[in-house]
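A short write-up of the structure that comes next.
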There are 2 protein chains.
Amino acid sequence: MTPAAKRVTSADVAQAAGVSRTTVSFVLNDKPGYSIPEETRRRILEAAERLDYRPRASARSLAAGRSDIVLLAVPDLPIGAGISRFIEELAGALAGHGLTMVTHLAGARGRPLPDVCAAVDASVVIGFDSFDEDTVQALYRAGADVVLPARAGASLALQPIGRLQADHLIGRGHRRLGYAMPEHPDLRSMAEARLDGVVEACLDAGLERPVVLSTSLEIARAAQAVAGWTERSVTGVCAFNDETAIAVLAGMREHGLAAPGDLAVVGVDDIPTARLAAPPITTVCFDLPEVARHRAEEIVAVLSGRESPVAFTSALLQVVPRSST
Amino acid sequence: MTPAAKRVTSADVAQAAGVSRTTVSFVLNDKPGYSIPEETRRRILEAAERLDYRPRASARSLAAGRSDIVLLAVPDLPIGAGISRFIEELAGALAGHGLTMVTHLAGARGRPLPDVCAAVDASVVIGFDSFDEDTVQALYRAGADVVLPARAGASLALQPIGRLQADHLIGRGHRRLGYAMPEHPDLRSMAEARLDGVVEACLDAGLERPVVLSTSLEIARAAQAVAGWTERSVTGVCAFNDETAIAVLAGMREHGLAAPGDLAVVGVDDIPTARLAAPPITTVCFDLPEVARHRAEEIVAVLSGRESPVAFTSALLQVVPRSST
DNA sequence: CTGAAAGCGCTAACAT
DNA sequence: ATGTTAGCGCTTTCAG
C-alpha cells in the first residue's frame, strides 16, 4: 500500500450506509437530542468500521472549534522512571473520556510550549507543577481552553510526601532528622515544598527542624553532606528522591558508614534501582493509576465547565519499607 | 484574560498590514516563486509578531493536506532516563526543520497508535524499532505520510553497542565473557541484537561465545546468574543496560564478590545512578545530540522525497570507563 | 506583485 | 428523522 492512498472521508461512509453526512456525524459523535433509528445507526457504524474510517482531526477541530487533544508538558528535570508509568495511566484515563494525550518534553533546546500547543491544536495543556502567569496567558492565546494545574503544587502532594518520610523515620525512633536537598535549580521549588512537610512533621513531633544540606549526584559532594549530618548528630535523612538517596548512600560509603545503623535514609519514587542499592532503599511511592485517574477526572470536569471536584489526598501515597531505615 | 479570548487569524494580520490574506500566507510560509517587496514582507512580519499570530494548525493542515506533526511512539519498556534526553534532542532537531514532535507512550492501556496518529493528525510517525507490517498499513491509512524506521533496528546501532562492550572487556584481558540478558520479554529482541555484537566480538578475538544468562531486577535472580558465570569461569560480563548491570552488582554482593576483581561489569546508557553504584559502572553511552540530528535529517529527507542519505555509524557510541571493569 | 475565489473534511444550525 | 447549507481558517490556483 502506498502512503498516498486517499483517505476515507465521512462522505464515503455516508454513501456506503446510504445516508447523508449529517446523519453520519450525529451517529459517530452520538449527539444527544436526535433519536436515530437503531437500524440506521447500526448501518452507519458498520460502514465506518468496514472502511476503517477515522474522522480527520484537523477538519473536525476546525469545524467544532476545539480539539480533543491534551498536551502534557513534562518538565526538563531529572525525573525518575516511575513518571512514565504515570503518563501512560493518565493517557489511558483520558482516552476513556475521548481525549487524546500526547506529551512534550520541555528541554532547553525545545520550542516554547505555546508554540507546541498551537502546533498540535491542543485544547488542554497540563503540567506537573503550575505554569507561570505569562506562560498561562501565552497558552490561552495559543488556543488552549484549559490549563492545569491552576495552583502551584496542587496535584503533586508535595508536603504529604515529606510528612510521610519524616513520620516514617520518627516512628522508628529517630529524633534528629536531616533533609537532602538536590542542587539542581529546577528541582528547588518542588524540593522545598516537600521539605515543608518534613519540617511540619518534626515540629508536630516536638523535634527540632531538620538539618537541610544540599547535594548533587557526585559522590564527593554527597560525602560532604553526610559529614555535615553526622557532625550534627543526625540519625535519619529524608532525601528529595531515590537518586538523591542513592547519592547519600554512596557518600556514606566514602566515610565507611552504612545504613541504617549510622544513618537511615528514605527516598521518594521507588525507581527500579532503589531496591538494588546497598542496602535497598526505603521509599515513598505513589499509587500512580489512582493519581492519574484523579487527574483525568479533574481535567474532564474543568473542560465541561464544572469545577474540579476531586482533591488530591495523601491516601495515594505509601511508604515502601526496606532496609535503609 | 479569559480562555475564551478570540484568536488572532490571518485576516487580522492582513488587515493590520493592509494587504490580503493571500499575501500574508505567502510571506509567512515564504512561498518560493513570488517576489514580494521587502517592505510589504516586513510589514506583515511585524504585524504578525505584534499580534502574536499563530496559524491555526487544524485549518492549515486541512487546507494544505498535511500537518507538520511528528509523532514519536515510545515503546512500553522500562526505559532508562537517557532516552528522554534523546527525545528532547530529536524534538529540537526537528523543530529546526519546522516540524513539531510530540510523543506517545505506548502502554497496554493506551489507545492504538493509529488512533493517536489520526487524532493528532501526524504526518510522520517514528518509533525506536520498526513497526510490524499491519501497524504500518494502519498508520498510512490513519493519515501518516512517512513511517520510520523502515528496517528493524536500523537506527539503534544495536550490534555496535555489544561490540563495544565486549571489546572493552577483551581489551582489559578478559578471555571468557558473559552476557546479562533482561528477562522482560519486550526487551528481548533489542537485547538479542546487542548480544549478537558481543558474540561477533568474541569470535573475532578468537574467544568462545559468551555465557548468556537471564536476570531480572531482583537481587536473588541476579545472584543466580552471578553463580552461573563464576561456575563457568567467566571474568567479565556485558549487561544489557545499566539497570541490569546494577542488578548484577547486587547479585555479586550476595555472594560476597566485588567488581572488577571477581567479575567485571559493563552496562549501557550511562544513567545517573551508574556512577553512584559500588563500584561505579563502566558503561557505553550514545552521543545523543548527534544521533538525534541524524534521525532528524533522515526524517526530513524522506519527507521531501529523497532517500535517507545518512547511515548510523558506531562513531556515535562511546565507552565511559569507570571502576567496575 | 497582489487579490478574489474555490475548496480541504467536518459540524451544527436550519429546513424539510 | 434526515437532508441542505453555511461556514471554521487556511492554502492555492487563477485573474488582474
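Not measured: the values here are computed from a predicted model. Residue numbers start from 1 in every chain, and the chains themselves are labelled A, B, ... in the order their sequence lines are given, proteins ahead of strands.
Side-chain polar atoms of Ser67(B) and Asp121(B) form no donor-acceptor pair below 3.5 angstrom.
With hydrogens and angles disregarded, a donor-acceptor distance shorter than 3.5 Å links the side chain of Arg43(A) to the backbone of Ala17(A).
Within residues 60-69 of chain B, the residues approached by DNA chain C to less than 4.0 Å at the level of any non-hydrogen atom are Leu62(B), Ala63(B), in residue-number order.
When the C1' atom of dC10(C) is taken as reference, atom CZ of Arg54(A) falls 17 Å away, rounded to whole Å. Per the geometry, CG belonging to Asn29(B) stands 7 Å off P belonging to dT12(D), to the nearest Å. As a whole-Å value, the separation of Phe26(A) CZ from dC14(C) C1' is 10 Å. Whole-Å rounding puts the Arg21(A) CZ to dG9(C) P distance at 10 Å. Atom CG in Asp12(A) sits about 9 Å away from atom P in dG9(C), given to the nearest Å. Atoms CG (Asp121(A)) and P (dG9(D)) sit 11 Å apart, rounded to a whole Å. The distance between atom CZ of Arg56(B) and atom P of dG9(C), rounded to the nearest whole Å, is 19 Å.
Note on Thr22(B): a base of the nucleic acid sits closer than 4.0 angstrom, heavy atoms only.
OP1 or OP2 of dC10(D) has at least one side-chain nitrogen or oxygen of Ser10(B) nearer than 4.0 Å. At the phosphate of dG9(C), neither OP1 nor OP2 sits under 4.0 Å from any side-chain N or O atom of Ser58(A). Taking only side-chain nitrogens and oxygens, Ser25(B) comes nearer than 4.0 Å to OP1 or OP2 of dT11(D). In terms of phosphate contacts, Tyr53(B) brings no side-chain nitrogen or oxygen within less than 4.0 Å of OP1 or OP2 of dG9(D). The shortest distance between the side-chain N/O atoms of Ser20(A) and the OP1/OP2 oxygens of dT4(D) is not below 4.0 Å.
Residues Val13(B) and Ile44(B) share a closest heavy-atom pair of CG1-O, 4.0 Å. Of all the heavy atoms in Ala16(A) and Ala47(A), the pair that sits closest is CB-CB, 4.1 Å.
Remark: Glu297(B) does not engage Arg293(B) in a salt bridge, criterion side-chain N to carboxylate O under 4.0 Å. Taking a cutoff of 4.0 Å between a charged side-chain nitrogen and a carboxylate oxygen, Glu46(B) and Arg42(B) do not qualify as a salt bridge.
If you check dC10(D), dA13(C), dT2(C) against the side chain of Pro37(B), the one that comes closest is dT2(C).
Legend: salt bridge (charged side-chain N to carboxylate O under 4.0 Å, His left out) pairs involving residues 54-67 of chain B, not counting sequence neighbours, sorted by first then second residue: Asp115(A)-Arg54(B), Asp52(B)-Arg54(B).
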